[in-house]
Participant: 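Here it is: the structure, laid out below.
A note on names: the letters A, B, ... follow the listed sequences, proteins ahead of strands, and every chain is numbered from 1.
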2 protein chains.
Amino acid sequence: MSTARHDRQETIKKATQLFWEKGFHATSMRNLQDVIDLRPGSIYASFGSKEGLFKETLQFYANASLERLAAHAATSPPLDALKAFITESVSAKKGSSPSDMCMLAKTVAELTQDNAELLAEAKRLLKTIETAFAQLVTKAQQEGALDEGREPQRVASFLQMQLMGLKAYSRATDGKANIKALIDDAFASLA
Amino acid sequence: MSTARHDRQETIKKATQLFWEKGFHATSMRNLQDVIDLRPGSIYASFGSKEGLFKETLQFYANASLERLAAHAATSPPLDALKAFITESVSAKKGSSPSDMCMLAKTVAELTQDNAELLAEAKRLLKTIETAFAQLVTKAQQEGALDEGREPQRVASFLQMQLMGLKAYSRATDGKANIKALIDDAFASLA
DNA sequence: TATTATCTTGAACAGTCGCTCAAGTCCAGT
DNA sequence: ACTGGACTTGAGCGACTGTTCAAGATAATA
């Protein structure tokens, strides 16, 4: 039975914060040791390598995103849930989240085939989120809130692309741009 | 009376390729030495530091982008030029450019305040490109190709955001997604 | 309390990082 | 051909990288 003296989930959470802020390469194991308050031996016993730990933080991040989306979907109609999720993702208050970027998109941007497994994992998780989008779009169509002629997968692609663009753009402009207006423009084509 | 034995522009070009592909942190000075075929002493005499060289590659990249846009604008109506520029930027054949991402967006995604000057420079260059977009939008309005009610700056923001999203999304899906369709969707709201 | 199994520690490893500088190479002017 | 000055070279600097492992600390069982 696991009798670890440190909470694994809590460790992953702290590591996620740091990796999300600084990216994979700019985060050193010594940074991590300080932040998660564990010495190398423990980290390597738990996660095997820097890559192993990073992979778990990616999954942790994606999971948290899916849960946020599900929470919106539980209380709002599908389209409203999607818009609320995207708005919340993009316009999170400065400082409340480690980076203005989506951690998965940031990872895909940063890594190359030198870290093929991590790159593939980030792509896979993005696809998972997109699938969740597509399911909500389908639900919206069944409820009559959206034209049935549109292919759900294509709409989901469009939304995912928009979300990536909005977050990247928001970061590039220090959030000074009129993000709300951009989101409205983006959703206009769905109305 | 520059009598340098190596062409400075050519050096910057090669460095741009490498930085664009691997990003700032993952590119080591030893990688650079091999690719641009210069020893440390020469590099530091010419560029001062890794940061100094990177800064020049950012400017080189932005300049090349502006020139591409100008070339389209010289032979096509403004809106067509914009769409052509974006299409070309996003759907460049795999392998022809070092990364599927925009180098400036990639840099903004990667860097933090630990490299404040480089981060600021990348943001500034993105803004420069956006201004060029806005000028073309204004021209389109003067020629009657676009509703005058729209604020050019807002349209330019929207386009910049779309471009960032398209490139990031294209990278995340290995170009397997129907990018053409996404571009059409993006431009649809301007028609 | 003694024993055992598990978890944690931190010094140390080989390798790489960005960078410097004395020595060497090259070429223009005489 | 020779000299003077600009340019290039590459060994090597101190600091830092991801990682290992023998030794120590801790909790559970007897």
Participant: Tell me whether the count of non-hydrogen atoms from other residues, nucleotides or ligands lying under 6.0 Å of NZ in A:Lys13 goes above 12.
Facilitator: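 No.
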Participant: Would you find more than 12 non-hydrogen atoms of other residues, nucleotides or ligands less than 6.0 Å from A:Glu88 atom CD?
Facilitator: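 Yes.
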Participant: Flag yes if more than 12 heavy atoms outside B:Lys123 fall under 6.0 Å of its NZ atom; otherwise flag no.
Facilitator: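 Check passes, neighbour count above 12.
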Participant: To the nearest Å, how far apart are B:Asp7 CG and D:dC7 P?
Facilitator: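 Roughly 14 Å, once rounded to whole Å.
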Participant: Starting from P on D:dT9, measure out to CG on B:Leu32 and report it in whole angstrom.
Facilitator: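 In whole Å, D:dT9 P and B:Leu32 CG are 15 Å from each other.
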Participant: List the protein contact pattern of nucleotides 13-22 of chain C with one symbol per nucleotide (5' to 3'): B for base contact, S for sugar-phosphate-only contact, - for none; contact means a heavy-atom distance under 4.0 Å.
Facilitator: ----BBBBB-
Participant: Measure the distance from NE2 on A:His6 to C1' on C:dT6 and round it to the nearest whole Å.
Facilitator: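 Checked: the NE2 to C1' distance equals 13 Å.
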Participant: When you measure from the centre of the six-membered ring of A:Phe24, is the NZ or CZ of A:Lys50 closer than 6.0 Å and no more than 45° off the axis?
Facilitator: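 Satisfied, under 6.0 Å and within 45°.
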Participant: Could you tell me how far apart B:Leu38 (CG) and D:dT9 (P) are, to the nearest whole angstrom?
Facilitator: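 Rounding to the nearest Å, CG of B:Leu38 and P of D:dT9 are 6 Å apart.
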Participant: How long is the line joining CD1 of A:Ile43 and P of D:dT17, in whole Å?
Facilitator: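 Those two atoms, CD1 and P, are 13 Å apart.
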Participant: Using a cut-off of 6.0 Å, state whether more than 12 heavy atoms not belonging to A:Glu117 lie near its atom CD.
Facilitator: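 Counting other residues, nucleotides and ligands, CD of A:Glu117 stays at 12 neighbours or fewer.
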Participant: Just the rounded figure in Å: distance from P of D:dG18 to CZ of A:Phe47.
Facilitator: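 Rounded to the whole Å, the gap is 16 Å.
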Participant: In whole angstrom, give the distance that lies between atom CG of A:Leu53 and atom P of D:dG18.
Facilitator: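 Between P of D:dG18 and CG of A:Leu53: 11 Å.
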Participant: Side chain of B:Lys106, backbone of B:Glu21: donor and acceptor closer than 3.5 Å?
Facilitator: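 Judged by distance alone, yes, a pair lies under 3.5 Å.
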